[in-house]
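Below, chains carry the letters A, B, ... as their sequence lines are ordered, and counting in each starts from 1. Owing to the predicted nature of the structure, the values given are computational and were not obtained by experimental measurement. These values consider heavy atoms only, across backbone and side chains, with no hydrogens, waters or symmetry-generated copies.
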Amino acid sequence: MPVAAPPVPFIDFGNTAWVLISTALVLFMTIPALALFYGGLVRRKNILSVMMQCFISMAVISLIWVAFGYSLAFGPGHGALAGIIGGFDWAFLKNVGMEPSPYYISQSTARIPHIAFMIFQMMFAVITPALIIGAFAERIKFSAFLVFTVLWSVLIYSPIAHMVWSADGIFFKMGALDFAGGTVVHINAGFAALAAAIIIGKRKSKKAAPPHNLVYTAIGAAMLWFGWFGFNAGSALAADGLAASAFLATHIATAAAAVMWGLLDWLLHKKPTMLGVATGAVAGLVAITPAAGFVDIMGAMAIGFSVSVVCYFFVVVIKPFFGYDDALDAFGVHGIGGLWGALLTGVFATPVIQSAYKGLLYGNPNQLKVQALVSLTSIVITFFGSLILLKLIDMVMGLRVTEKDEAIGLDVSSHNERAYTLVE
Amino acid sequence: MPVAAPPVPFIDFGNTAWVLISTALVLFMTIPALALFYGGLVRRKNILSVMMQCFISMAVISLIWVAFGYSLAFGPGHGALAGIIGGFDWAFLKNVGMEPSPYYISQSTARIPHIAFMIFQMMFAVITPALIIGAFAERIKFSAFLVFTVLWSVLIYSPIAHMVWSADGIFFKMGALDFAGGTVVHINAGFAALAAAIIIGKRKSKKAAPPHNLVYTAIGAAMLWFGWFGFNAGSALAADGLAASAFLATHIATAAAAVMWGLLDWLLHKKPTMLGVATGAVAGLVAITPAAGFVDIMGAMAIGFSVSVVCYFFVVVIKPFFGYDDALDAFGVHGIGGLWGALLTGVFATPVIQSAYKGLLYGNPNQLKVQALVSLTSIVITFFGSLILLKLIDMVMGLRVTEKDEAIGLDVSSHNERAYTLVE
Amino acid sequence: MPVAAPPVPFIDFGNTAWVLISTALVLFMTIPALALFYGGLVRRKNILSVMMQCFISMAVISLIWVAFGYSLAFGPGHGALAGIIGGFDWAFLKNVGMEPSPYYISQSTARIPHIAFMIFQMMFAVITPALIIGAFAERIKFSAFLVFTVLWSVLIYSPIAHMVWSADGIFFKMGALDFAGGTVVHINAGFAALAAAIIIGKRKSKKAAPPHNLVYTAIGAAMLWFGWFGFNAGSALAADGLAASAFLATHIATAAAAVMWGLLDWLLHKKPTMLGVATGAVAGLVAITPAAGFVDIMGAMAIGFSVSVVCYFFVVVIKPFFGYDDALDAFGVHGIGGLWGALLTGVFATPVIQSAYKGLLYGNPNQLKVQALVSLTSIVITFFGSLILLKLIDMVMGLRVTEKDEAIGLDVSSHNERAYTLVE
Amino acid sequence: MKMIIAIIQPHRLEEVKEALYEADVNLMTVSEVLGHGRQLGVTEIYRGVKESGNLLRKIRLEIAVNDNFLDPTIKAIVKGAKTGELGDGKIFVYDLKDCIRIRTEERGSVAIG
Amino acid sequence: MKMIIAIIQPHRLEEVKEALYEADVNLMTVSEVLGHGRQLGVTEIYRGVKESGNLLRKIRLEIAVNDNFLDPTIKAIVKGAKTGELGDGKIFVYDLKDCIRIRTEERGSVAIG
Amino acid sequence: MKMIIAIIQPHRLEEVKEALYEADVNLMTVSEVLGHGRQLGVTEIYRGVKESGNLLRKIRLEIAVNDNFLDPTIKAIVKGAKTGELGDGKIFVYDLKDCIRIRTEERGSVAIG
Ligand SMILES: Nc1ncnc2c1ncn2[C@@H]1O[C@H](COP(=O)(O)OP(=O)(O)O)[C@@H](O)[C@H]1O
Ligand SMILES: Nc1ncnc2c1ncn2[C@@H]1O[C@H](COP(=O)(O)OP(=O)(O)O)[C@@H](O)[C@H]1O
Ligand SMILES: Nc1ncnc2c1ncn2[C@@H]1O[C@H](COP(=O)(O)OP(=O)(O)O)[C@@H](O)[C@H]1O
């Protein structure tokens with residue numbers, strides 16, 4: 001009696017369409033969304049420098065990713081390092097082609113091309129270091145920024161992505177849950193940002209300058225919200241019920257966090273602010289990222305409402321108390337929000353969404369322990385790794401522009417340009 | 001002889017990909033598109049207040065929608081009210097999950113997840129009250145706005161959506177055609193906007209101020225055009241020929257309306273204007289909304305060319321004549337354009353697109369009667385409903401900011417913020 | 001013994017979803033992306049005129065396309081002209097409906113609706129003349145612009161599209177490779193732009209004005225990058241491995257070109273500029289367009305890195321040397337970049353991507369010859385065709401606004417509008 | 001001939017212009033400036049940080065008048081701008097040596113109006 | 001020492017600057033202002049509403065000169081700005097009591113140029 | 001009473017304000033202008049084209065003071081703005097005929113501060 005042959009994976013057009021458009025959406029998150037979100041917050045004389053950093057990250061990290069970044073992160077590892085970093089087997093996309101991707105989630109056979117997975121992940125590799133820009137905005141030297149971003153991507157991003165997402169990865173094997181990058185992207189970038197704010201030091205200007213264009217910031221936040229559907233729901237790697245569920249969880253957590261930040265502003269400073277609601281939305285997006293494919297709407301609401309409280313506290317109270325100059329709150333929002341989301345994933349993951357995964361609330365306290373352990377280990381790696389890296393760069397080439405160049409503004413002093421003319 | 005089992009509905013990845021991206025596109029229509037379109041038209045000191053209203057609508061209505069708004073609109077109704085409003089059976093998404101959606105159009109089996117339909121509809125529920133912002137811009141109290149938007153969504157939007165789109169709905173049973181929301185969205189918001197403009201009264205400033213940034217308005221209009229493909233073609237709930245046809249009809253009507261408004265400006269005021277072309281495009285998008293899945297390109301052109309004439313007349317002649325201060329022409333464009341589109345759907349619906357539906361021109365004058373009856377009933381409900389609601393809110397908490405706060409501008413007086421800095 | 005019936009083409013929802021969203025993305029490229037990219041580069045007093053030209057092109061060309069433009073370009077040709085231009089068989093979309101498209105690439109049966117192909121191509125027909133705007137910006141008469149755009153679309157765009165892309169087309173039959181419009185779109189628009197810059201003459205102002213808002217330009221560039229995935233990967237007409245490959249090649253070439261332009265700025269003018277990186281990205285997008293579905297990442301990198309060198313040279317050295325006023329470098333970037341891409345497609349096309357096509361590097365020097373021949377012929381057609389057309393329009397109605405209107409700025413003098421207010 | 005510079009609240013501009021028209025003063029030059037006066041400026045808060053720069057948005061009017069128009073003009077500005085609250089603004093007066101209407105090349109008093 | 005304030009049409013700025021350079025006047029301060037003069041301002045229409053504010057975009061030049069440069073400067077401005085149409089602008093002249101070059105702390109006439 | 005107009009580098013604004021506060025000068029009006037002075041302006045390049053307009057971004061301060069405050073104010077500005085490089089800026093001084101505080105309608109010296 002013949003045994004049925006195992007079903008053969010094939011490229012599904014619907015899933016591929018979904019992952020390709022999601023990839024475009026994640027590109028959109030870095031440029032123009034993040035560039036606008038951050039760019040609106042800085043002073044007029046520095047907006048182009050921030051946008052430039054976003055653009056050049058997109059260009060440079062993409063090239064590195066196909067050269068060997070992807071291989072290091074997702075490629076097969078070797079020997080003792082297999083759990084920590086991949087090898088060079090897939091360097092320059094050797095063996096990464098149009099065949100069904102070895103990475104997938106729910107469908108065993110209706111897959112996407114391997115290159116689609118690779119380029120989707122590329123956009124994550126780009127946006128992660130770009131988030132750090134918020135910490136050292138308005139004072140970093142462009143050349144130092146470039147060196148830092150490239151080295152950080154190779155030395156810190158690729159290993160952490162490997163540990164969490166590769167089938168070989170040590171965190172993956174421990175059962176860590178990170179649907180779309182709470183640890184890999186947000187904790188990672190956020191604690192690197194803290195290191196960066198500490199190492200580079202405060203901006204020189206005597207007082208905090210107000211954001212030069214909150215319209216840009218609001219547009220940027222809206223575009224991040226839009227693009228994040230690709231980030232989170234695209235991480236289902238298929239256009240199925242799980243994708244729809246991740247889409248929904250993302251949206252609800254974001255809505256809850258936006259409302260909560262608005263309420264806190266209202267309670268504590270008498271009026272709700274647009275910047276607050278936009279910041280809350282981003283905090284919600286950050287926190288739901290690891291949980292998007294594991295929680296239902298109750299979990300999403302709990303994560304959304306709570307993350308704004310936590311991040312608000314860090315941004316408005318802790319930061320001024322310690323006095324580090326995390327210029328655009330990359331640490332306060334991404335670091336703290338990512339950590340919060342990673343932990344709560346271990347609480348609210350429900351078997352209703354993916355039957356294999358459940359958190360504390362559904363009788364599996366161990367998941368929370370794993371989440372805590374993995375988050376803390378990642379924090380240690382990224383924080384100290386970034387600290388050392390930045391210190392070295394500072395010693396070799398200097399991290400900061402001169403005081404005069406900072407005063408003049410980076411647009412003119414680093415890029416020979418001005419964003420706006422003054423007369424017609 | 002065994003009878004073939006009825007085909008079992010399943011989740012199709014292509015259709016799901018299409019509805020998910022369409023959902024993201026409709027989010028994009030509210031933020032940033034509508035926020036920019038409206039925000040550019042107000043004075044500099046009020047742009048953040050308009051954007052804030054768009055953002056907070058997105059956040060708050062989304063939460064209400066999953067809590068019970070969706071259930072009221074699309075859930076099963078009970079008893080005598082079944083034709084008017086759904087019950088609470090689907091509150092907090094009980095029974096709304098990853099299984100095939102009970103709502104679909106052409107394919108009987110290749111469906112999308114129920115939650116995908118729910119969240120697609122959520123974005124409609126969000127943008128509808130957001131459109132009303134145009135009527136009371138630059139003078140409404142933020143708290144009153146919030147109360148109004150929430151109550152209006154529950155008391156007016158959900159019932160009208162139920163009546164028109166639910167299988168139980170009385171208008172649906174009468175055979176009313178509303179492909180993507182001519183009645184539910186545009187007539188509904190537009191006539192509520194008229195009520196709002198009347199109740200809240202005119203802005204204090206002695207003369208009309210020019211739009212503070214027409215670039216934002218133009219970008220907003222372009223983004224609305226882009227997002228509207230999700231709105232209209234996504235309403236096919238599948239990526240099929242009907243979706244392509246709705247996409248095409250949407251585009252052609254919009255193109256025609258944009259050209260026509262430009263021509264009217266040219267004829268009547270000597271020069272074609274960017275604001276006119278953008279306004280015409282939006283009018284075209286509005287008018288084709290109910291018709292998108294029922295008309296061919298001839299119908300789309302007829303609707304597009306004519307709607308600009310009608311809306312132009314209302315915006316440029318009727319409004320100044322009656323003197324209500326529909327600040328950003330929410331009534332003139334959405335109310336009138338939506339009504340015009342709803343009526344013409346009854347004229348131009350052709351069996352070539354969906355064989356079951358035809359209008360006056362194809363031998364079915366009854367369709368036009370149904371369209372007229374349903375439109376008028378909806379107008380009565382939304383206009384008087386909104387009037388009463390606003391009057392009550394005005395009595396309880398006041399609708400308007402103080403004269404001084406209005407003069408200072410809502411950005412600072414309601415939100416403690418300014419959009420732009422003045423020196424570097 | 002029964003012979004298997006040939007497989008019957010059917011509408012695939014995944015592929016249709018992909019082409020519809022790609023269509024929306026290409027619309028997004030013209031408005032708002034190109035409108036912002038160009039609009040930021042002009043002086044404050046002319047931004048609305050540039051945006052208006054983009055908007056009205058979208059509206060007018062779309063109407064012409066369904067009327068007969070599509071039929072002329074892609075419809076069956078007749079008699080001796082069959083290789084040059086289509087007939088009117090498909091005018092007003094006669095016989096163009098929901099049935100599977102006769103145009104497709106890899107899948108023989110999983111197709112998209114014919115109208116989906118038609119409207120996807122419509123967006124190409126719109127953006128091509130819109131690119132030319134860069135050449136005559138800040139001085140063209142709006143009415144002359146309109147006449148030119150319409151006539152150019154019919155007399156030059158449709159024939160060239162037919163020759164290159166229709167199964168009847170003479171260039172197509174010669175085996176010319178043009179995946180997404182290197183020749184049809186970029187060479188075509190770019191050399192028309194050169195003709196336009198020459199015929200209309202220089203702007204009056206004594207010195208080059210700096211771009212009035214580089215933030216807009218940067219956003220525009222980012223949005224072009226985003227939308228171009230629809231342009232290039234959508235041209236696979238399916239969401240398959242080829243689409244993913246075209247997506248990847250597009251992205252890598254763009255990244256390489258952005259980096260290279262930045263480097264050239266750094267080397268030659270001491271500092272890398274945001275405008276340079278944005279310009280490089282666009283040059284990369286242009287050059288990879290014809291090659292996207294034929295080259296692997298090595299080819300994409302080669303094209304990307306080299307095109308910036310070539311375009312830089314044209315923009316920074318050749319243009320000032322000859323002194324034509326290609327205001328926003330439509331020729332320097334699109335004409336030259338498109339030509340470079342078309343030629344290199346003949347070098348780097350590799351059978352690994354599509355087995356039927358290979359270039360010089362893979363043993364087929366003939367492909368390069370075909371590319372050169374077709375490019376040159378197209379250049380001759382579009383350059384002299386546009387020259388004659390513009391000259392005629394100039395004689396009949398005048399191409400330029402008066403010197404005073406130019407000085408006042410086109411926003412007020414041609415459109416009765418200003419983009420920005422000066423006080424609150 | 002005198003030159004009057006008035007710094008007023010932006011939201012009083014319409015009232016001031018109206019009062020000036022009533023006083024038959026129709027010519028002026030307007031710009032937006034930041035003023036640092038006695039008015040306290042804490043009305044802006046960004047992520048919890050109060051904007052303590054207290055440079056507040058103001059409108060600057062520049063009005064050249066013949067001497068007999070000086071007092072009516074000042075009165076009109078005060079009438080339009082005064083609310084009695086901190087921040088109402090100030091008026092400065094200079095001597096004007098000359099005034100030239102570019103169009104006609106007229107000079108002096110006659111060119112002012 | 002005199003201070004010259006000129007309000008001109010924005011699109012004449014290049015010509016005025018050129019005329020000033022020819023007259024050897026190279027130092028100036030420029031800003032964008034809104035002018036209300038005799039020129040009628042109806043050139044803007046938004047959704048059918050005519051912008052009747054007639055505050056028109058103008059350029060304001062501020063030029064400090066020594067007395068012997070006063071007339072040449074005025075002549076140059078007039079040369080560059082004059083078209084003979086309403087809206088050409090005005091020139092105002094004040095006495096300047098002092099002038100300090102911050103870089104060198106020079107004062108008076110010598111600091112002007 | 002004197003009116004002081006100072007044109008300074010934008011990035012010295014904070015220092016100047018601080019120096020003014022120390023000199024007990026708290027009231028001022030600030031705007032952004034373009035200055036054409038001796039400083040060479042080639043710091044901007046767009047697609048290889050050098051911006052040769054050399055109209056540079058400057059800050060314009062307008063400070064009305066009583067006569068005894070004139071010198072301290074000038075000193076404070078110089079202290080805050082001086083770097084010794086081209087482009088540091090200039091200070092201009094006029095006579096002020098009158099000053100009116102709109103809120104109280106006080107006039108003259110008393111209204112200045
Ligand atoms: N001595 C001064 N020099 C220059 N500008 C001044 C001076 N005093 C007041 N101003 C301007 O006038 C505006 C209003 O002054 P303020 O002191 O707030 O008004 P009030 O006297 O009514 O309280 C200030 O913001 C500033 O722009
Ligand atoms: N008396 C005045 N005080 C202040 N500004 C003035 C005065 N007269 C004219 N201006 C400025 O000069 C500009 C040009 O004046 P206008 O009357 O239009 O010129 P013309 O005299 O050539 O018709 C005005 O827009 C205004 O900014
Ligand atoms: N004679 C003048 N009239 C008007 N503005 C002047 C004059 N001289 C200088 N300025 C203004 O002062 C600014 C600084 O002058 P600049 O000559 O660059 O300074 P420095 O004398 O230190 O080199 C100029 O940009 C200009 O705005």
>> Quick check for you: to the nearest 0.5 Å, what is the distance between D:His36 atom NE2 and F:Ile63 atom CD1?
In response: 11.0 Å
>> Applying a heavy-atom distance below 4.5 Å, give me the residues of residues 88-96 of chain D that approach chain F, sorted by number.
In response: D:Asp88, D:Gly89, D:Lys90, D:Ile91, D:Phe92, D:Val93, D:Tyr94, D:Asp95
> Which bit of D:Lys82 is near chain F, if near means a heavy-atom gap under 4.5 Å: side chain, backbone, both or neither?
Replying inline: both
All N/O donor-acceptor pairs, side-chain side in residues 71-81 of chain D, below 3.5 Å, sequence neighbours left out:
unit_1	atom_1	unit_2	atom_2	d
D:Thr73	OG1	D:Phe69	O	2.6
D:Lys79	NZ	D:Glu22	OE1	3.0

> With only heavy atoms counted, which part of D:Leu70 is less than 4.5 Å from chain F, the side chain, the backbone, both or neither?
Replying inline: neither
> Side chain, backbone, both or neither: which part of F:Asn26 has a heavy atom under 4.5 Å from chain D?
Replying inline: backbone
>> Between F:Met3 and chain D, with a heavy-atom cut-off of 4.5 Å, which part of the residue counts as in contact: side chain, backbone, both or neither?
In response: side chain
> For D:Glu62, what residues pass the salt bridge (Lys or Arg N to Asp or Glu O under 4.0 Å) criterion, not counting sequence neighbours?
Replying inline: D:Arg60, E:Arg60
> What are the residues of residues 102-113 of chain F, in order of number, with any heavy atom under 4.5 angstrom from a heavy atom of chain D?
Replying inline: F:Ile102, F:Arg103, F:Glu105, F:Arg107, F:Ala111, F:Ile112, F:Gly113
